[in-house]
Amino acid sequence: MRVLVTGGAGFIGSHIVHALTALGHEPVVLDALLPAAHPDPPAPPDAEFLRADVRDAGAVRSALRGVDAVCHQAAMVGLGKDFADAPAYVGCNDLGTAVLLAEMAAAGVGELVLAGSMVVYGEGRYTCGRHGTVRPGPRRAEDLAAGRFEPRCPDCGAALAPGLVGEDAPTDPRNVYATTKLAQEHLAASWARCVEGRAVSLRYHNVYGPGMPRDTPYAGVASFFRSALARGEAPRVFEDGAQRRDFVHVGDVAAANAVALGAVGGLAPGTLTAYNTGSGDPHTVGEMAAALAAAYGGPAPVVTGEFRLGDVRHVTADSARLRRELGWRPQVGFGEGMAGFARAGQRTSAAAAG
């Protein structure tokens with residue numbers, strides 16, 4: 001299969017290219033190598049490569065020639081610094097996706113695997129002992145400042161028990177990045193209906209592993225902690241460190257993309273199917289920081305009580321659908337993955353280079 005991988009020189013994209021090549025597929029990489037993500041040009045990918053922006057319709061048209069399917073990874077990621085980042089997020093993520101889908105429609109390419117995200121859910125699944133499953137609203141700044149981090153039942157104010165969120169849960173994005181990731185899914189679903197295409201959105205949970213960018217506000221929390229350790233500093237854990245997440249290794253995410261590309265052609269035409277893509281083994285942010293620091297041999301984490309208003313408290317995946325329907329299984333456990341990540345190299349980011 002000849003597969004266009006947008007963002008194929010990036011952190012997750014480069015692992016996908018490697019996985020597809022190992023399986024005998026023919027990846028074609030389209031990547032703008034924007035300085036924000038690639039201040040130092042990476043080694044050329046082991047695949048056909050076109051340096052261009054996914055918002056460039058002519059370049060996308062050229063890249064799609066002879067392609068059977070598209071694996072769309074190109075995006076601006078992370079929570080960002082403040083709302084001033086909103087135009088950049090919308091331009092990279094939503095305009096870029098719209099241009100890609102329009103060119104796919106014109107070229108007759110009808111299979112898409114999209115890099116989705118668990119951030120579309122907002123807060124995860126919660127249960128109240130009295131009211132059952134509930135959906136707490138956004139956390140208030142005054143509560144966070146006072147150290148009241150846990151959402152409460154919106155009906156009675158009682159403590160809630162966090163659980164696993166499934167793909168059928170209502171979406172409720174809580175920041176600009178999350179909003180653009182949900183918009184990507186809506187665009188892909190509209191494209192699929194219009195052209196009788198088939199689309200899969202892999203809703204990644206907290207992806208980590210070798211090649212993560214360092215020292216940048218746009219990377220994930222695992223990268224923040226690893227960067228601090230590399231500087232000889234203690235990882236700084238926000239809130240009280242009890243936030244629950246699902247940390248999934250980038251190698252397993254690449255394998256999920258390969259599995260999805262092999263299966264998307266057999267799905268119902270005119271549809272988008274979402275699959276949570278997580279390890280199935282939730283841990284707190286504090287546990288992750290401690291495991292990484294211990295494996296690195298660096299200073300123990302420091303819990304700061306700081307917070308970011310756009311963050312959610314708990315969101316962990318129920319990835320049973322991906323396992324059941326596509327047969328994907330994660331191979332890298334939490335302890336093994338953190339030990340490997342502690343020793344792995346990181347990509348230079350724009351912040352680190354500046």
Inset, instruction - Apply the test side-chain hydrogen bond (donor to acceptor under 3.5 Å, both in side chains) to residues Ser279 and His205: give CA-CA distance (whole Å), side-chain angles for both, the deciding distance (0.1 Å), then the verdict. - result: CA-CA 8 Å; Ser279 71; His205 280 246; over 6 Å; no

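- Interatomic distance, CZ of Phe238 versus CZ of Phe149, reported as 10.5 Å (0.5 Å rounding).
- The backbone N or O of Met118 sits nowhere less than 3.5 Å from a side-chain atom of Lys181 that would complete a donor-acceptor pair.
- Each of Leu112, Leu101, Val5 was evaluated against His72; a single residue qualifies, Leu112, per the side-chain contact (heavy atoms from CB on, under 4.5 Å) test.
- Counting heavy atoms from C-beta on, the side chains of Arg323 and Pro330 come closer than 4.5 Å.
- There is no path of hydrophobic side-chain contacts, each under 4.5 Å, that joins Val29 to Leu114.
- Side-chain contact between Asp155 and Cys128 is absent, with no heavy-atom pair separated by less than 4.5 Å.
- A side-chain donor-acceptor contact under 3.5 Å links Gln73 and Asn257.
- To the nearest 0.5 Å, atom CG of residue Leu267 and atom OG1 of residue Thr273 are 5.0 Å apart.
- With contacts defined as side-chain heavy-atom distances shorter than 4.5 Å, the pair Val3/Glu111 does not qualify.
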Legend entry - Stepwise side chain to side chain contact (heavy atoms under 4.5 Å, CB included) check, Val77 with Phe11: CA-CA 11 Å; Val77 301; Phe11 166 47; over 6 Å; no

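- Residues meeting the side chain to side chain donor-acceptor pair (under 3.5 Å) test with Glu306, sequence neighbours left out: Arg236, Thr304.
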Legend entry - Test log, rule side chain to side chain contact (heavy atoms under 4.5 Å, CB included), inputs Leu30 and Leu4: CA-CA 7 Å; Leu30 178 97; Leu4 174 62; 3.9 Å; yes

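- Here the closest heavy-atom approach between residue Trp191 and residue Ala105 is recorded as NE1-N, 3.9 Å.
- For the pair Glu123 and Pro138, the minimum side-chain heavy-atom distance is 4.5 Å or more.
- Within the 4.5 Å cutoff, side-chain heavy atoms of Val165 are placed close to those of Val315.
- By the 4.5 Å heavy-atom criterion applied to side chains, Arg226 and Ser223 are not counted as neighbours.
- Note that the NE2 atom of His15 and the CG atom of Leu20 stand 13.0 Å from one another [nearest 0.5 Å].
- A continuous path of Ile, Leu, Val, Met, Phe, Trp and Tyr side chains, each step under 4.5 Å between heavy atoms, connects Val264 with Met1, placing both in one hydrophobic cluster.
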Legend entry - Stepwise side chain to side chain contact (heavy atoms under 4.5 Å, CB included) check, Asp85 with Tyr177: CA-CA 9 Å; Asp85 287 329; Tyr177 170 63; over 6 Å; no

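- Nearest approach of Ala260 to Leu326, heavy atoms of both residues: CA-CD1, 4.1 Å.
- For the residue pair Pro235 and Ala289, the shortest heavy atom distance occurs at CB-CB, 4.4 Å.
- Using a 4.5 Å cut-off on side-chain heavy atoms (C-beta onward), Leu229 and Pro299 make contact.
- In this structure, Asn93 contributes its side chain and Met76 its backbone to a donor-acceptor pair below 3.5 Å.
- Sorted by first and then second residue, the pairs that involve residues 194-206 and meet salt bridge (charged side-chain N to carboxylate O under 4.0 Å, His left out), not counting sequence neighbours, are Glu185-Arg203.
- Under 3.5 Å, the side chains of Asp246 and Thr316 contain no donor-acceptor pair of N or O atoms.
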Inset, instruction - Test side chain to side chain contact (heavy atoms under 4.5 Å, CB included) on Phe247 and Val221 and set out the steps. - result: CA-CA 10 Å; Phe247 299 99; Val221 66; 4.0 Å; yes

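- Expressed to the nearest 0.5 Å, how far CG of Asp318 lies from CZ of Arg125 amounts to 9.0 Å.
- Closest approach of Ala74 to Gln184, counting heavy atoms only: O-NE2, 4.3 Å.
- Under a hydrophobic-cluster definition in which Ile, Leu, Val, Met, Phe, Trp and Tyr are linked whenever side-chain heavy atoms come within less than 4.5 Å, directly or via other members, Val109 and Ile16 are assigned to different clusters.
- Side chains of Asn276 and Tyr121: a donor-acceptor N/O pair is present below 3.5 angstrom, by distance only.
- For residues 248-291, every residue pair satisfying the ring pair (Phe, Tyr, Trp, His ring centres under 6.0 Å) rule, not counting sequence neighbours, is listed here: Tyr208-His249, His283-Phe334.
- Atoms CG and NE2, from Asp68 and His25 in turn, are 10.0 Å apart once rounded to the nearest 0.5 Å.
- Side chain of Thr284 to backbone of Glu287: a donor-acceptor contact under 3.5 angstrom is found.
- Checked options Leu187, Val119, Val120; the residue passing with Leu182 is Val120 (criterion: side-chain contact (heavy atoms from CB on, under 4.5 Å)).
- Counting heavy atoms from C-beta on, the side chains of Asp311 and Arg139 come closer than 4.5 Å.
- Applying the salt bridge (charged side-chain N to carboxylate O under 4.0 Å, His left out) rule to pairs touching residues 7-18 yields nothing, sequence neighbours excluded.
- More than 12 heavy atoms of other residues, nucleotides or ligands lie within 6.0 Å of CZ in Arg324, so this atom counts as buried by the packing criterion.
- Side-chain N or O atoms of His314 include one that pairs as donor or acceptor with a backbone N or O of Arg244 at under 3.5 Å.
- A salt bridge links Glu150 and Arg313; the closest N-O separation between the charged side-chain nitrogens and carboxylate oxygens is under 4.0 Å.
- Cluster annotation: Leu64 is not connected to Val113 through the hydrophobic network of ILVMFWY side chains, with a link wherever side-chain heavy atoms come within less than 4.5 Å.
- For the atom pair CG of Leu100 and CE of Met104, the computed distance is 5.5 Å after rounding to the nearest 0.5 Å.
- Across Ala254 and Ala19, no two heavy atoms sit closer than the pair CB-CB, 4.1 Å.
- Here the closest non-hydrogen pair linking Leu50 and Ala59 is CD2-O, 3.5 Å.
- Sorted by first and then second residue, the pairs that involve residues 166-175 and meet salt bridge (charged side-chain N to carboxylate O under 4.0 Å, His left out), not counting sequence neighbours, are Arg135-Asp172, Glu167-Arg321, Asp168-Arg321, Asp172-Arg174.
- Evaluation of the salt bridge (charged side-chain N to carboxylate O under 4.0 Å, His left out) test over residues 22-33, restricted to residues two or more places apart or in two chains, returns Arg2-Glu26.
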